[in-house]
Enquirer: 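Please read through the structure below; I'll follow up with questions.
FYI, side chains are in, hydrogens and waters are out, and symmetry mates aren't considered; it's all heavy atoms of this structure. Keep in mind that this is a model prediction, so the values were computed, not measured.
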Amino acid sequence: MSVRVRFAPSPTGYLHIGGARTALYNYLYAKALGGTFILRIEDTDIERSNAEYEKLQIDDLKWLGITHDEGPDKPNPKYAPYRQSERSAIYQKYADQLIEKDLAYYDFCTEEELEVMKARAEAEGRDPVYEGKWKDPANKVEALERVKAGEKPAIRFRAPKKSYTLKDKVKGDVTYPANMVGDFVIVRSNGLPVYNYCCVIDDMLMEISHVIRGEDHLNNTVRQLMIYEALNAKLPEFAHVSLLIGSDRQKLSKRHGATSVNLYRNENYLPEAMCNYLTLLGWSHPSETDIFSKSDLFSIFSLERFSGHAAMYDLEKLKWVNGQHLKKMENEDIIKMLSGMPEATGFNQQDPAWKNTAVTLLKQYADFVSDIPKKAEEMIFGEHIEMKNELMEILGWETTPKIIDYLHGEMNKITTPFVTEAELTSWMDFAKKDLAIKGKPLFQGIRAALTGQEHGPDLKLLIPLTPVSIIKKRLSLLSKTKQEKDG
RNA sequence: GCUCCCAUCGUCUAGCCCGGUCUAGGACAUCGCCUUUUCACGGCGGUAACAGGGGUUCGAAUCCCCUUGGGAGUACCA
């Protein structure tokens, strides 16, 4: 039997981090088993669903590189349509069959009547199970007549009074006691089906082989088990993955901050890093590595390595993972990403060779692509010199003014826009031999003179990237400050 | 309330199914040191966990029970 898995979001908002994670697990499983990954839109809640969100969610999935093989935009005629709102006739057909067989019944109770029943059950300490008159098969004739007369009842499924055991790939055997749920609505009075019902119909008809979803559906599954049984349908394999929680150990939601994928996308997170981190939240790599790409997992992803408990979403580690992916990226890809960023205009104005060298140097200091132009501004183009105590101390050494004077003179001889590494080396040699300065005063002195900073990257890499005009400005500023101080 | 799920460093986790190799391993964070000048890179090292209690057993992080704690579900939401 071929593997067919699905991600079935509701278009009621942006793609959530948690949703992206389950989508990813499904995608990886399909890839690992050579199966098909299907995107199905669960838009039966007309109040909250919005077609715009469907598009946005698909965009986010695409950005993450989680591409589906079938979906509303890639229909396979055998299984289409992929939006539940377009499958009403199908749900109706099966509901009619269930009513025919007395496995479900029409329910004309009003909301108020239901409330009363529920309140009474609660008062008596019972579980609120449906006990309306329509449950009684004796009233079926009356029900049919009222339907014929044009009334619009809900359709309620007759829940068998027996226990069910689910064989879950991550939770193991889960036994639901008899009477855990009462008769439940499968089709609303407005004609739209309810999640637990259409989910089963669709999974059955779309020949879904494995249902990989969040643990929040674990209790619902008993209802679905009942429907599968009533339909005499083959059960898929189930894998209920534990949930994502925030720092307060509550289910991850908007109030925990950035939980929409598009926010990370806007902040220049790398999609591969996002996928990498999300995979790790509840699943472990067999060889305990924690940096990998999606395709690295195609041969090893399995349902066997899920942890049973909820995982806390930790931005710190995500950032680190992002940095690791950034450091592995090819310079040209980074440069390409940067070329589209408005905040990188200064960087983008430089020539290709410069950019390449700068990226090699600066990515070591960055966690995000967007950190690179920031670091460039700070470490390469910065004209402002902050007179910190550490810097003042270096300027106070008797050797430093000599270095500044000497370098000032040398810089004035430079006519090219950039200093070469060879020139820098010759200055260092001069300072060492002719000025007889060595060790810390030599290196930190030169650094301070040329960069106005006490720390930073290797000068031999940094200085050839720095425009001569900027170095000259720094030198003038430093000698002026020094003179003022002396005077 | 009821039902279901879960429980290893602050966090993500390995180990648990098939008890001994676990004085419990890795990663993030944190702290310290090193890296022929510095450093946010890198390297080395430190602090830090089997929720509690009972069993079973020669032996339990691993199996069983209870307690506690956390999460989820209990809709004509998904």
Side-chain angles (χ1 to χ4, degrees), chain A residues 8-12 42-45 47-49 84 107 109-111 114 118 122 125-129 153-156 166 168 170-172 174-177 179-182 184-196 198-199 213-223 240 242-243 245 247 249-251 277 280-291 304-305 307-321 323-324 327 361-367 371 375 379 390 428 438-448 451 453-459:
Chain A
S10 297
T12 56
E42 307 216 326
D43 54 354
T44 57
D45 183 351
E47 307 276 302
R48 297 196 295 149
S49 294
Q84 292 185 330
D107 177 18
C109 285
T110 60
E111 214 173 298
L114 259 17
K118 199 176 165 188
E122 253 169 52
R126 291 181 287 115
D127 284 334
V129 293
I155 299 174
R156 206 170 270 276
L166 168 72
D168 192 88
V170 351
K171 299 294 180 185
V174 178
T175 300
Y176 308 96
N179 292 322
M180 183 176 169
V181 295
F184 54 93
V185 169
I186 54 174
V187 180
R188 300 170 173 98
S189 49
N190 66 5
L192 287 170
V194 153
Y195 169 74
N196 283 114
C198 43
C199 176
R213 71 200 346 174
E215 194 186 352
D216 46 343
H217 291 288
L218 189 59
N219 285 308
N220 280 148
T221 308
V222 67
R223 292 183 176 79
H240 285 97
S242 46
L243 268 18
I245 54 180
S247 49
R249 299 228 142 254
Q250 303 287 302
K251 187 174 169 179
Y277 178 65
L280 247 19
L281 246 29
W283 186 84
S284 60
H285 193 286
S287 56
E288 289 196 56
T289 29
D290 39 23
I291 298 299
E304 319 298 314
R305 300 194 62 82
S307 75
H309 57 269
M312 194 182 285
Y313 185 70
D314 174 23
L315 221 56
E316 283 300 324
K317 190 152 184 177
L318 204 209
K319 284 179 186 167
W320 176 79
V321 170
Q324 294 300 307
K327 285 166 185 78
L361 177 70
L362 299 174
K363 73 178 173 185
Q364 297 307 314
Y365 296 84
D367 278 335
D371 283 346
K375 293 290 171 193
M379 307 202 290
E390 278 174 274
M428 284 177 150
K438 59 185 178 180
K440 207 172 170 182
L442 172 70
F443 288 101
Q444 279 204 288
I446 291 177
R447 173 180 297 281
T451 70
Q453 312 252 337
E454 58 282 9
H455 303 305
D458 188 345
L459 287 176

Enquirer: Do the side-chain N or O atoms of A:Arg188 get closer than 4.0 angstrom to the phosphate oxygens (OP1, OP2) of B:A78?
Expert: yes
Enquirer: Between B:U35 and B:G45, how far is it from one C1' atom to the other, in whole Å?
Expert: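 Those two atoms are separated by 14 Å.
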Enquirer: Mind checking A:Thr175 for me? I need base, sugar-phosphate or nothing, with any heavy atom below 4.0 Å counting as a touch.
Expert: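 The residue A:Thr175 makes sugar-phosphate contact but no base contact.
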Enquirer: Rounded to the Å, how far apart are A:Asp367 CG and B:A40 C1'?
Expert: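 Distance, rounded to whole Å: 9 Å.
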Enquirer: Which part of the nucleic acid, if any, lies within contact of A:Ala311, taking any heavy atom under 4.0 Å across all strands shown: a base, the sugar-phosphate backbone alone, or nothing?
Expert: sugar-phosphate
Enquirer: Across all strands shown, which nucleotide pairs with B:C77 by Watson-Crick or G-U wobble geometry, both distances under 3.5 Å?
Expert: none
Enquirer: Name the nucleic acid region contacted by A:Lys363, choosing base, sugar-phosphate or nothing; use a 4.0 angstrom heavy-atom cut-off, strictly under.
Expert: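 Nothing, no nucleic acid heavy atom in range.
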Enquirer: Using a cut-off of less than 4.0 Å, is there contact between a side-chain N or O of A:Lys118 and OP1 or OP2 of B:U74?
Expert: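 So the side chain of A:Lys118 is outside the cut-off, no N or O lying under 4.0 Å from OP1 or OP2 of B:U74.
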Enquirer: Using a heavy-atom cut-off of 4.0 Å across all strands, would you classify A:Glu316 as base, sugar-phosphate, or nothing?
Expert: sugar-phosphate
Enquirer: Figure out the CZ/P separation between A:Arg249 and B:A51, and round it to whole Å.
Expert: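 About 13 Å, once rounded to whole Å.
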Enquirer: Would you say B:A14 has OP1 or OP2 under 4.0 Å from some side-chain N or O of A:Ser284?
Expert: yes
Enquirer: Reading RNA chain B from 5' onward, which residue's closest nucleotide shows up sooner: A:Leu281 or A:Arg156?
Expert: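 Result: A:Leu281.
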Enquirer: Considering only heavy atoms from C-beta outward, does the side chain of A:His240 approach that of A:Asn220 to under 4.5 Å?
Expert: no
Enquirer: Between B:C5, B:A72, B:C39, which one does the side chain of A:Tyr365 approach most closely?
Expert: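 Per side-chain heavy atoms of A:Tyr365, the pick is B:C39.
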Enquirer: Any side-chain N or O of A:Gln444 under 4.0 Å from OP1/OP2 of B:C39?
Expert: no
Enquirer: Kindly state whether the pair A:Trp320 / B:C28 counts as stacked, where counting means centroids closer than 5.5 Å and planes tilted less than 30° apart.
Expert: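 A:Trp320 ring does not meet the centre or angle cut-off for B:C28; no stack.
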Enquirer: Mapping A:Arg48 and A:Arg305 onto RNA chain B by nearest heavy atom, which one lands closer to the 5' end?
Expert: A:Arg305
Enquirer: What's the closest nucleotide to the side chain of A:Met312 if the choices are B:G73, B:C77, B:C12?
Expert: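 The nucleotide sitting nearest to the side chain is B:C12.
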Enquirer: Determine the contact category for A:Ile155: base if any of its heavy atoms lies under 4.0 Å from a base atom, sugar-phosphate if only primed atoms, P, OP1 or OP2 are that close, otherwise nothing.
Expert: nothing
Enquirer: Starting at CG of A:Asn196 and ending at C1' of B:U74, how long is that distance when rounded to a whole Å?
Expert: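 One finds 12 Å between C1' of B:U74 and CG of A:Asn196, rounded.
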Enquirer: What does A:Gly445 touch in the nucleic acid at a heavy-atom separation under 4.0 angstrom: a base, only the sugar-phosphate, or nothing?
Expert: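 No contact at all - A:Gly445 keeps every heavy atom at 4.0 Å or more from the nucleic acid.
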Enquirer: Could you measure between the two C1' atoms, the one in B:A72 and the one in B:C76, and give it in whole Å?
Expert: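 So the two C1' atoms sit 22 Å from each other.
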Enquirer: Which base, if any, makes a Watson-Crick or G-U wobble pair with B:C18, both distances under 3.5 Å?
Expert: none
Enquirer: Taking atom P in both B:C6 and B:U62, what distance in whole Å separates the two?
Expert: 15 Å
Enquirer: On a whole-Å scale, what distance lies between the C1' atoms belonging to B:C4 and B:C22?
Expert: 33 Å
Enquirer: Would you indicate what A:His240 reaches in the nucleic acid, counting non-hydrogen atoms under 4.0 angstrom: base, sugar-phosphate, or nothing?
Expert: nothing
Enquirer: When all nucleic acid strands are considered with a 4.0 Å heavy-atom cut-off, which category describes A:Thr44: base, sugar-phosphate, or nothing?
Expert: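 Result for A:Thr44 = sugar-phosphate.
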Enquirer: Which part of the nucleic acid, if any, lies within reach of A:Asp290 when heavy atoms closer than 4.0 Å are counted: base, sugar-phosphate only, or nothing?
Expert: sugar-phosphate
Enquirer: Report yes if a donor N or O on one partner sits less than 3.5 Å from an acceptor N or O on the other, where the partners are the side chain of A:Asp45 and the base of B:A78; otherwise report no.
Expert: no
Enquirer: So what does A:Gly456 hit on the nucleic acid, given a heavy-atom distance under 4.0 Å: a base, only sugar-phosphate, or nothing?
Expert: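 The answer is base, as A:Gly456 lies within the cut-off (heavy atoms under 4.0 Å) of a base atom.
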Enquirer: For A:Gln453 and B:U38, give me the distance from atom CD to atom C1', rounded to whole Å.
Expert: 11 Å
Enquirer: For A:Asn179, which contact category applies under a 4.0 Å heavy-atom criterion: base, sugar-phosphate, or nothing?
Expert: nothing
Enquirer: Using the P atom in both, what is the distance from B:A27 to B:G43, to the nearest Å?
Expert: 10 Å
Enquirer: Nearest to the side chain of A:His309 - B:C6, B:A78, B:G73?
Expert: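 Nearest to the side chain of A:His309 among the choices is B:C6.
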Enquirer: Can you see if the side chain of A:Ser307 gets near the phosphate of B:U13 - specifically, an N or O under 4.0 Å from OP1 or OP2?
Expert: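 The answer is yes; a side-chain N or O of A:Ser307 sits under 4.0 Å from OP1 or OP2.
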Enquirer: In whole Å, measure the gap between the P atoms of B:C50 and B:C28 for me.
Expert: 22 Å
Enquirer: Between A:Arg48 and A:Asp45, does at least one N-O distance fall below 4.0 Å, as a salt bridge requires?
Expert: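 The answer is yes: the pair qualifies as a salt bridge.
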Enquirer: Take the protein atom CG of A:Leu442 and the nucleotide atom P of B:U38, then report the distance between them rounded to whole Å.
Expert: 12 Å
Enquirer: What's the CH2-P distance between A:Trp283 and B:G26, to the nearest Å?
Expert: 20 Å
Enquirer: With a 3.5 Å cut-off and just heavy-atom distances, do the side chain of A:Lys251 and the base of B:A72 make a donor-acceptor pair?
Expert: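 Side chain to base: no pair present.
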